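I have placed the structure first, in the form of structure tokens, so that the comments after it can refer back to it.
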Amino acid sequence: MADFSDLTLDVVKVRRDFPILDREVHGKPLVYLDNAATSQTPRQVTAVFDDYYGRYNANIHRGLHTLADEATAAFEGTRETVRAFLNAGEDREIIFTRGTTEAINLVANSWGRANLGPGDEVLISRLEHHSNIVPWQLLAGELGFTIKVIPVDERGVLDMVAYRDLFTGRTRLVAVNHISNAFGTINPVREMARVAHEHGARILVDGAQAAPHQCIDVRDIDADFYAFSGHKVYGPTGVGVLYGKAELLEAMPPWQGGGEMIRTVSFETPTTFADIPHKFEAGTPAIAEVIALGRALQWVQGIGLELIGAWEARLLEHATEGVRGIEGLRVLGTAPDKAGVLSFVVDGAHSQDIGLLIDQLGVAIRTGHHCAQPLLAQFGLDATCRASFAAYNTPEEIDVFVEGLERVVGMLR
């Protein structure tokens, strides 16, 4: 069993912030291990919605009344919170989106359309979530550039020698995740950015899985773009962030048109656009969700991402040791540097059957291809089971998961 005694995370206190963890599923205490898909949300974050809609619900910017001023201050306050969370240089480098997927599509449809063309190359790893593959495929079909795939070894680790060899004089962009949602592999994005920049290419980092688990410093990484989602970092759904270097964002054309993103509109002269970040925030945003995202990041920082990451690493170690004795079980993703994700398959048992049966025991895990079909195809699979961990999970919950899995596997044989 992994030793947790040297860690100061008070998991009992953490769990008090999550009322949902007190519920039962099929008469069993809920054990929620689907955090890579969506983390649960603490009461401090959900309280934001009652506060906003009960006290100062108003549209932001341009309003002269008190409620509009208060809503604008809270919304823009979150921009500063996110800036500090990512260690970005300026608030104006932070753009609010509906999530990582929209952030990547924004880069593809704004930066990509302005900078990619026939003969150009975009490097994408085989570890990517579909949201960092499909937008580039769609754009490549229109613009005629080539997508080249960074290979992955049997451990789920990127081949960095092959990565370097893929670059040519026509390589324009690297699109890579910081942490794999399917295998938990932590990619060397700082080194990847250095290599990309040596070849005159830009790098976009999908940080959806990194934001909940480790400290992020976009300036240390030297990321040109970095994206993450609120609902994976203890925040609400429907909101996310795109960080972009100011000089890149300033040169990029708007992606969506509407209110807020303009400076002047006329039928007689060309429309002129607002400064960044507002140029990329057309229309009324998800105001309450953005404010709640800020509160979620404050909650995370109140505990400490280093401590959260260390706690989850011990949970992963404990779970990996626990499942090792289950006959026919194979772990996918054995990178030496990985986050709290345990993907596995069991000989003779379909992942969907495992997921459905273990749910009857109160344990929530994710099954399927995890929006990573190209990665699973390399291993001859169309689905795995995935348990993923968060700050509120306990060693005792891991024991329940392992015992339940042993029982389920026995039933399926």
Side-chain angles (χ1 to χ4, degrees), residues 25-26 28-40 101 125-134 152-157 177 179-186 208-209 212-213 231-232 312 315-335 338-390 393 397-413:
V25 173
H26 301 299
K28 305 288 185 181
L30 171 66
V31 175
Y32 186 80
L33 301 178
D34 192 20
N35 298 286
T38 292
S39 59
Q40 296 301 331
T101 298
S125 88
R126 191 170 289 275
L127 285 172
E128 299 312 303
H129 188 281
H130 295 166
S131 63
N132 204 19
I133 298 174
V134 178
V152 175
D153 68 18
E154 69 282 354
R155 302 169 298 166
V157 175
N177 54 37
I179 295 178
S180 163
N181 75 301
F183 283 3
T185 304
I186 302 175
Q209 296 297 329
H213 305 299
H231 70 101
K232 297 184 190 295
E312 292 167 343
L315 293 172
L316 175 63
E317 178 186 350
H318 187 46
T320 303
E321 290 174 357
V323 302
R324 201 168 271 143
I326 299 177
E327 184 179 354
L329 185 144
R330 177 165 58 107
V331 173
L332 280 302
T334 56
K338 63 178 289 187
V341 172
L342 180 65
S343 281
F344 60 92
V345 292
V346 178
D347 293 342
H350 195 282
S351 64
Q352 184 175 2
D353 293 334
I354 293 173
L356 287 170
L357 288 172
I358 203 167
D359 175 66
Q360 298 297 311
L361 303 177
V363 180
I365 64 172
R366 178 72 43 167
T367 65
H369 54 64
H370 317 299
C371 292
Q373 287 180 309
L375 175 63
L376 296 194
Q378 174 173 321
F379 294 86
L381 300 169
D382 58 12
T384 73
C385 297
R386 183 186 71 189
S388 50
F389 313 118
N393 290 129
E397 287 184 316
I398 302 303
D399 293 338
V400 171
F401 158 65
V402 172
E403 292 167 8
L405 186 59
E406 289 174 333
R407 181 177 170 185
V408 166
V409 169
M411 293 170 60
L412 292 172
R413 288 198 168 139

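From a predicted model like this one, the values you see are computed outputs, not experimental measurements. The figures that follow rest on heavy atoms only: side chains count, while hydrogens, waters and symmetry mates do not.
Minimum heavy-atom separation, G404 to I358: C-CD1, 4.1 Å. The two residues E397 and Y32 make their nearest non-hydrogen contact at OE2-N, 4.4 Å. For G322 against V402, the heavy-atom pair with the smallest separation is O-CG1, 3.4 Å.
Side-chain contact between V345 and L332 is present, with at least one heavy-atom pair separated by less than 4.5 Å. Between I365 and L405, the closest side-chain pair of non-hydrogen atoms is not below 4.5 Å. You'll find the side chain of V408 reaches within 4.5 Å of the side chain of L361, heavy atoms only. Side-chain atoms of P374 and I133, non-hydrogen and from C-beta on, do get closer than 4.5 Å to each other. Looking only at side-chain heavy atoms (C-beta outward), V323 and L342 come within less than 4.5 Å of each other.
Residues that satisfy the ring-ring contact (aromatic ring centres under 6.0 Å, His included) test with H130, not counting sequence neighbours, are H369. For R126, there are no salt bridge (charged side-chain N to carboxylate O under 4.0 Å, His left out) partners two or more places apart in sequence or in a different chain. Every residue two or more places apart in sequence or in another chain that forms a side chain to side chain contact (heavy atoms under 4.5 Å, CB included) with T185 is listed here: L127, S180, F183, N187, A335. With sequence neighbours excluded, the residues satisfying side chain to side chain contact (heavy atoms under 4.5 Å, CB included) with A37 are D34, R366, R386. Scored by the side chain to side chain contact (heavy atoms under 4.5 Å, CB included) test, D353 finds H350, L412 as partners (sequence neighbours excluded). Contacts of S125 classified as side chain to side chain donor-acceptor pair (under 3.5 Å), with partners at least two apart in sequence or in another chain: E128. By the side chain to side chain contact (heavy atoms under 4.5 Å, CB included) test, L356 pairs with Q352, sequence neighbours left out. By the side chain to side chain donor-acceptor pair (under 3.5 Å) test, E312 pairs with H213, sequence neighbours left out. Among residues two or more places apart in sequence or in another chain, the side chain to side chain donor-acceptor pair (under 3.5 Å) test is passed with D153 by R155. For the side chain to side chain donor-acceptor pair (under 3.5 Å) test, residues two or more places apart in sequence or in another chain that qualify with T384 are H370.
The CG atom of L33 sits 5.0 Å away from atom CG of N393, with the distance rounded to the nearest 0.5 Å. Here L315 contributes atom CG and N35 contributes atom CG; the two are 10.0 Å apart, rounded to the nearest 0.5 Å. With rounding to the nearest 0.5 Å, the separation of OG in S388 from CG in L316 is 10.5 Å. A distance of 8.5 Å separates SG in C385 from CG in L329, rounded to the nearest 0.5 Å.
For residues 400-412, no residue pair satisfies the side-chain hydrogen bond (donor to acceptor under 3.5 Å, both in side chains) rule, not counting sequence neighbours. Sorted by first and then second residue, the side-chain hydrogen bond (donor to acceptor under 3.5 Å, both in side chains) pairs involving residues 317-335 (not counting sequence neighbours) are H318-D399.
Without hydrogens or angle criteria, H26 side chain to K28 main chain gives no donor-acceptor distance under 3.5 Å. Put simply, the side chain of S343 gets close to the backbone of A182: a donor and an acceptor are under 3.5 Å apart. Without hydrogens or angle criteria, Q209 side chain to A36 main chain gives a donor-acceptor distance under 3.5 Å.
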